[in-house]
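Values below: every heavy atom of this structure, side chains too, minus hydrogens, waters and symmetry copies.
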Amino acid sequence: MRPLDENETTQVFEKLFKFTGNNLKNIVENPSHEGPETNPGRYCFRLQKNRVHYVSESLVKRATNIKRDKLVSLGTSIGKFTKGGSFHLTIQCLNLLAANAKHKVWLKPTSEMSFLYGNHVLKGGLGRITENIVSGDGVVVFSMADVPLGFGIAAKSTQDCRKMDPNGIVVLHQADIGEYLRMEDEL
């Protein structure tokens, strides 16, 4: 497990910024109260086998006692680097994104299952949407009971959504909590 280099850090922060905006500083400067130390440490990003983990510094110090090839995971896995070198967020970072999301979309109960099966969000299934969403922004998808279901990319702006027909795509699916069942071997 090693710290991210400059290029990797840039890619991770750009992807997180797409979903959190200026709330990214809350993720980076979040104090950690884990471990026996009296003064709280910080959370940091670490790379292990092409996966990026969000973990407290005290836990990283204690994990140095474990061999690298024996260490499976540490902290919260937030994404992975592909063989091509690009960074993709995974569903495990949903709680981190939901707590700091800049743009949110709420689904009607009738369209929740469709999203959880991996389909895009249609205008007809949209319950609420935050203002000032621009096409291409990162969006966190919630149920009407404020349970985070997944995240995606806005296909249309908030203004365009109001004029769309009910079968138009509003949010392009990227990840949802149904992946825990569909892809349990890969996670």
Side-chain angles (χ1 to χ4, degrees), residues 4 6-30 45 50-52 54 76-180 182-183 186-187:
L4 302 176
E6 194 170 321
N7 182 35
E8 293 165 342
T9 303
T10 303
Q11 287 186 47
V12 171
F13 282 0
E14 283 176 354
K15 190 67 78 163
L16 287 173
F17 184 79
K18 191 173 199 173
F19 287 91
T20 61
N22 292 334
N23 294 336
L24 178 61
K25 68 178 169 90
N26 296 341
I27 295 172
V28 176
E29 297 174 357
N30 188 14
F45 295 95
N50 289 337
R51 292 197 175 271
V52 178
Y54 181 69
T76 303
S77 176
I78 63 162
K80 62 183 179 179
F81 283 97
T82 63
K83 291 180 182 174
S86 61
F87 179 72
H88 293 283
L89 291 172
T90 55
I91 190 60
Q92 291 100 329
C93 74
L94 180 61
N95 289 336
L96 194 64
L97 292 179
N100 298 291
K102 181 179 178 186
H103 302 298
K104 300 177 183 180
V105 166
W106 289 266
L107 296 183
K108 293 178 182 173
T110 55
S111 63
E112 288 177 13
M113 286 306 291
S114 175
F115 181 73
L116 294 178
Y117 285 135
N119 298 319
H120 301 308
V121 176
L122 302 178
K123 164 70 161 74
L126 204 60
R128 292 187 325 213
I129 186 169
T130 55
E131 293 294 323
N132 302 326
I133 293 179
V134 180
S135 178
D137 281 348
V139 176
V140 178
V141 179
F142 290 88
S143 69
M144 290 304 275
D146 277 337
V147 176
L149 300 175
F151 55 89
I153 301 295
K156 302 285 184 186
S157 67
T158 304
Q159 300 301 327
D160 294 340
C161 288
R162 293 190 174 113
K163 304 172 204 165
M164 287 178 65
D165 65 320
N167 292 328
I169 296 175
V170 177
V171 177
L172 301 172
H173 176 275
Q174 279 198 330
D176 64 80
I177 56 176
E179 289 179 13
Y180 285 116
R182 292 194 311 268
M183 302 174 164
E186 297 172 24
L187 296 175

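- Between atom CD1 of residue Ile91 and atom CD of residue Gln174 there is a gap of 10.5 Å, rounded to the nearest 0.5 Å.
- A donor-acceptor pair is defined here as one N or O able to donate and one able to accept, closer than 3.5 Å; no such pair exists between the side chain of Thr20 and the backbone of Ala101.
- Counting non-hydrogen atoms of neighbouring residues, nucleotides and ligands closer than 6.0 angstrom, the CG atom of Asn132 reaches no more than 12 such neighbours.
- Dense packing is recorded around CG of Asp146, with more than 12 heavy atoms of other residues, nucleotides or ligands lying under 6.0 Å away.
- Interatomic distance, Leu24 CG to Asn100 CG, rounded to the nearest 0.5 Å: 8.5 Å.
- Side-chain atoms of Thr76 do not come within 3.5 Å of backbone N or O of Cys93 as any donor-acceptor pair.
- For the residue pair Val170 and Cys161, the shortest heavy atom distance occurs at CG1-SG, 3.5 Å.
- In this structure, the side chains of Val28 and Leu16 stay at 4.5 Å or more apart for every pair of heavy atoms.
- The minimum heavy-atom distance between Lys18 and Gly136, with the atom names listed, is CE-O, 3.0 Å.
- Around the NZ atom of Lys156, the shell of radius 6.0 Å holds no more than 12 heavy atoms that belong to other residues, nucleotides or ligands.
- Using a 30° and 60° split on the angle between ring planes, Tyr54 and Phe45 fall in the tilted class, from 30° to 60°.
- Between Val134 and Ser157, the shortest heavy-atom distance links the atoms CA-CB, 4.2 Å.
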Begin from the C-alpha positions of Thr10 and Leu4 and carry the test side chain to side chain contact (heavy atoms under 4.5 Å, CB included) through to its verdict.
-> CA-CA 9 Å; Thr10 303; Leu4 302 176; over 6 Å; no
Hey, mind stepping through Phe115 and Leu122 against side chain to side chain contact (heavy atoms under 4.5 Å, CB included) and telling me if it holds?
-> CA-CA 9 Å; Phe115 181 73; Leu122 302 178; over 6 Å; no
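- Side-chain N/O atoms of Thr90 and Gln92 include a donor and acceptor closer than 3.5 Å.
- How far CD1 of Ile27 is from CZ of Phe17: 11.5 Å, rounded to the nearest 0.5 Å.
- Across all non-hydrogen atoms, the minimal contact from Lys108 to Leu126 is CE-O, 3.3 Å.
- Annotation: the span from Ile129 atom CD1 to Leu107 atom CG amounts to 10.5 Å, rounded to 0.5 Å.
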Residues Val121, Val139; criterion side chain to side chain contact (heavy atoms under 4.5 Å, CB included); working and verdict | CA-CA 11 Å; Val121 176; Val139 176; over 6 Å; no
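- Note on Arg182 versus Asp176: salt bridge recorded, some NZ/NE/NH1/NH2 to OD/OE distance being below 4.0 Å.
- Here the straight-line distance linking atom CE of Met144 with atom CZ of Arg128 works out to 5.5 Å at 0.5 Å rounding.
- In terms of modelled atom types and a separation under 3.5 Å, the side chain of His120 and the main chain of His173 share a donor-acceptor contact.
- Listed by first then second residue, pairs satisfying ring pair (Phe, Tyr, Trp, His ring centres under 6.0 Å) with a partner in residues 76-105 read Phe81-Phe87, not counting sequence neighbours.
- Distance alone, capped at 3.5 Å, places no donor-acceptor pair between the Ser111 side chain and the Ser114 backbone.
- Closest heavy-atom contact between Gly138 and Ile153: CA-CD1, 4.2 Å.
- In this structure, Thr158 contributes its side chain and Ile133 its backbone to a donor-acceptor pair below 3.5 Å.
- Counting all heavy atoms, side chain and backbone alike, Gly85 lies closest to Gln11 at O-OE1, 3.0 Å.
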